[in-house]
Protein chains: 2
Amino acid sequence: MATLMDVARAAGVSKATASRALQRPELVAEATRERVRDAAERLGFRPNAAARALTTGRTGLIGLIVPTLSNPFFAPLVMGAQRAAEETHSHLLLAVSEYDPAREAALADRLSEQADGLIMVTPVGSDTALRERFRARPLVLVDRQVGRLPAVVADTASGLAELLGHLLELGHREIAYVSGPAGSWADRQRCAVLTEQAAAAGARLRVRGPLPPTFDAGIAVAGSIPAQATAVLAYNSYLALGLLHGLGVAGRRVPEDVSLAAADDLSTLSATTPPVTALDVPLEEAGALAVTRLLDLLAGRRRTVATHLPARPVLRASTAPPRGGAAGIRA
Amino acid sequence: MATLMDVARAAGVSKATASRALQRPELVAEATRERVRDAAERLGFRPNAAARALTTGRTGLIGLIVPTLSNPFFAPLVMGAQRAAEETHSHLLLAVSEYDPAREAALADRLSEQADGLIMVTPVGSDTALRERFRARPLVLVDRQVGRLPAVVADTASGLAELLGHLLELGHREIAYVSGPAGSWADRQRCAVLTEQAAAAGARLRVRGPLPPTFDAGIAVAGSIPAQATAVLAYNSYLALGLLHGLGVAGRRVPEDVSLAAADDLSTLSATTPPVTALDVPLEEAGALAVTRLLDLLAGRRRTVATHLPARPVLRASTAPPRGGAAGIRA
DNA sequence: TTGTAAGCGTTATCAT
DNA sequence: ATGATAACGCTTACAA
């Protein structure tokens, strides 16, 4: 591997000048700059990241911890983060915690040694641990709020409220909510919001789950959706897909017999038969924004504590007024 | 941040001894070792990765480039790789190429600066570029074979052949294959294998696609499955899920009217109605093995060139003999 | 505009 | 068993 010294020698300048020619070209005379660049090119010079990190104190690495990649929720998030990192010439150090707080802590510790800062998607695990971690190193939370720690939160809660509002408006009063994933912060938020709103509207909300976000689970739970329910709300779109199929197999047509909606829009439910009403959650933006926030933090810019990204319902053909009741209410 | 020097001072020893006490405890007297460890603990000493990398020439980082994370095929792969890396105290530097060779090349270049070696999942892009890259840095290919370069390949081809064999054995002679993703190396392999085998067996194979691996695409293509086809083979299980639903909506029952099978088993097709015959592809193993192979390479152990991981068909209720023809053939 | 030289925090090579 | 000391390759005052 050619070092900067080699380049400098080849270009007939000092290490310092070579470094400047490459990193801060404006500080170097045109001619010298070109000579150095040529030499670097010719020798196939690649700066040694470790050496640079050692002097500058910056690795250019961002640690990202997600609970899993099986849940399709996290893929767009990671992709968004990666793209944003790429644009700022950083790299992503990815780790998967498998929803295990101990493992997550270990990973965070180890990543901290290599990364300039951490982005954590940590639906389980304690607030105080996160607070403490934040003190040690720049940290941005995703989809979770802990005090005033910097966070990027997809505002599913209020979007979900709109979605439920839509069902209520259509006239539904017997609604099944399929919840999950088990133990997650966001799940608790969603359940709380929905329960309260349904109660306020005098509707009955039955909660099923918590379930994993899979097609299979949707099929399985389809059988236990009470006959009275005129609408089903699933927290995830794979679940909704499974429900769509499972309800069909069970002889309940969507939306004639029962309405169906999903609290995310991961699998583009727009092309199903019928297309499914869903919440559009800006996951890629969330990932990208988390990176931006972290870089701001690293640059000493301390901005707002938590950013909420709006999630908006996309109304499609799978939601309609219930068989009997609606007309009276709407008239 | 406490440095090794601080620890050494606190323990009343030299830097060298402190380093040894922590890295190679067996070289240090019990008492000293304990003193150093205590000091390190007390000061919250975290070794500086950059400094270590500078002296040892090892960063402990493994670059992993995947084309996307939207295709659920890659999630298990990444998870497998991450777990294996974690076990060997390495970390994963993740980048997404978006199937863009230019971007992939740029990412690979940049990752090479930080990582000890690279794992690339690169269905598109040129062989020669990969060969050249391999010369520059340790590299392991996944799901692609280029000459004698180290690679881990999920042997979908032969598993797929078994799967088609199963359909042929059941008596199917009019088979639709839904292919994809567009332009991928594995897609070409699959198409080639299937076309040849079908021809040899005197069966007709109609290829649809290439299509993306999504539920929607499956629904959309369901309409264009020819009426004569008694069996449909999809290269991906989300596609199969979509087909299952789409065929149902179109009034064709599985497996009575048409058999259905998938060339991977990502979404546990075991729980659908009916359960879908699929190919079990060991993706996590592939990811983990790629890491192992790379570490071997780094350690100077040069082993077999390409490892094939067997993919095995899992026969379920979605495949059955065709309506009329089968009996005669089997009798 | 360019060069000199001092680190950055480890590990590794010698001595002792 | 331990300690000095020299790398590792780069950036950055400071000097010229």
Side-chain angles (χ1 to χ4, degrees), chain A residues 1-40 43-61 89 110 112-116 137 298-299, chain B residues 1-40 43-61 89-91 110 112-116 137 298-299:
Chain A
M1 265 287 109
T3 77
L4 187 61
M5 190 61 219
D6 300 331
V7 174
R9 249 195 295 268
V13 298
S14 72
K15 266 194 321 183
T17 303
S19 173
R20 280 188 290 247
L22 266 15
Q23 304 303 321
R24 332 243 326 242
E26 71 278 10
L27 297 183
V28 163
E30 166 105 34
T32 337
R33 189 192 313 155
E34 284 315 314
R35 243 177 325 130
V36 172
R37 281 182 170 163
D38 282 1
L43 298 173
F45 170 70
R46 317 254 47 169
N48 179 317
R52 175 179 297 171
L54 187 55
T55 43
T56 61
R58 282 293 175 80
T59 61
L61 264 29
H89 298 275
R110 300 221 359 247
S112 293
E113 291 173 17
Q114 311 245 50
D116 294 334
R137 272 219 183 271
L298 289 170
Chain B
M1 265 288 107
T3 76
L4 189 62
M5 189 63 219
D6 299 331
V7 174
R9 251 194 295 269
V13 299
S14 71
K15 268 194 318 183
T17 304
S19 174
R20 279 188 292 247
L22 298 170
Q23 304 305 321
R24 332 246 323 245
E26 71 277 10
L27 298 183
V28 162
E30 166 105 35
T32 339
R33 190 193 311 157
E34 283 315 313
R35 247 181 318 135
V36 173
R37 280 180 172 164
D38 282 2
L43 297 173
F45 169 71
R46 316 254 49 170
N48 179 315
R52 175 179 296 172
L54 187 54
T55 41
T56 61
R58 281 293 175 80
T59 61
L61 299 179
H89 299 274
S90 312
H91 284 300
R110 300 222 358 251
S112 293
E113 291 173 18
Q114 311 243 46
D116 293 333
R137 268 215 186 276
L298 289 169

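Here is the naming used below: chain letters follow the sequence lines, and residue numbers restart at 1 for every chain.
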Given atom CG of L43(B) and atom P of dG9(C), what is their separation to the nearest angstrom?
14 Å
If I take atom CD in residue E34(A) and atom C1' in nucleotide dT1(C), what distance separates them, rounded to the nearest angstrom?
16 Å
Where chain A begins and ends its contact with DNA chain D, read 5' to 3' at 4.0 Å from heavy atoms
dG9(D) to dA13(D)
Can you name the nearest heavy-atom pair linking F45(B) to L22(B), along with the distance?
CE2-CD1, 3.8 Å
Closest non-hydrogen atoms of M5(A) and K15(A), given as atom of the first, atom of the second and distance, are SD-CG, 3.4 Å
In this structure, CZ of R33(A) is separated from CZ of R24(A) (nearest 0.5 Å) by 13.0 Å
At their closest point, which heavy atom of L4(A) faces which heavy atom of A18(A), and how far apart are they?
CD1-CB, 3.8 Å
Taking all non-hydrogen atoms of both residues, which atom of V36(B) and which atom of V7(B) are closest, and how far apart?
O-CG1, 3.8 Å
Suppose we screen for side-chain hydrogen bond (donor to acceptor under 3.5 Å, both in side chains). Which residues come up paired with Q114(B), at least two apart in sequence or across chains?
none
R35(A) CZ to dT1(C) C1', in whole Å, measures 12 Å
Can you find a heavy atom in the side chain of L61(A) that is under 4.5 Å from one in the side chain of L61(B)?
yes
Could you give the angle between the helix axes at the two ends of the helix from dT1(C)-dA16(D) to dT16(C)-dA1(D), with five pairs per end, rounded to 10 degrees?
30°
Salt bridge flag under 4.0 Å for residues R9(A) and D6(A)
yes
Is R20(A) reaching over with its side chain to a backbone N or O of L27(A), donor-acceptor style, under 3.5 angstrom?
no
Within the distance-only criterion (no hydrogens, no angle test), does the side chain of R58(B) pair as donor or acceptor with the backbone N or O of L298(B) below 3.5 angstrom?
yes
Could you tell me the separation between the CD atom of E113(A) and the CE atom of M1(B), rounded to the nearest 0.5 Å?
9.5 Å
Are the side chains of Q23(A) and R52(A) in contact, using a 4.5 Å heavy-atom criterion?
yes
Nearest heavy-atom neighbours spanning L54(B) and A50(A):
N-CB, 3.8 Å
Does R37(B) pair with E34(B) as a salt bridge, N-O distance under 4.0 Å?
yes
With a 4.0 Å heavy-atom cut-off, tell me which residues in residues 6-20 of chain A come close to DNA chain C, sorted by residue number.
V13(A), S14(A), A16(A), T17(A), R20(A)
Using a heavy-atom distance cut-off of less than 4.0 Å, which residues of residues 50-58 of chain A contact DNA chain C?
L54(A), T55(A)
Residues in residues 22-33 of chain B with a heavy atom under 4.0 Å of DNA chain C, by number, are Q23(B)
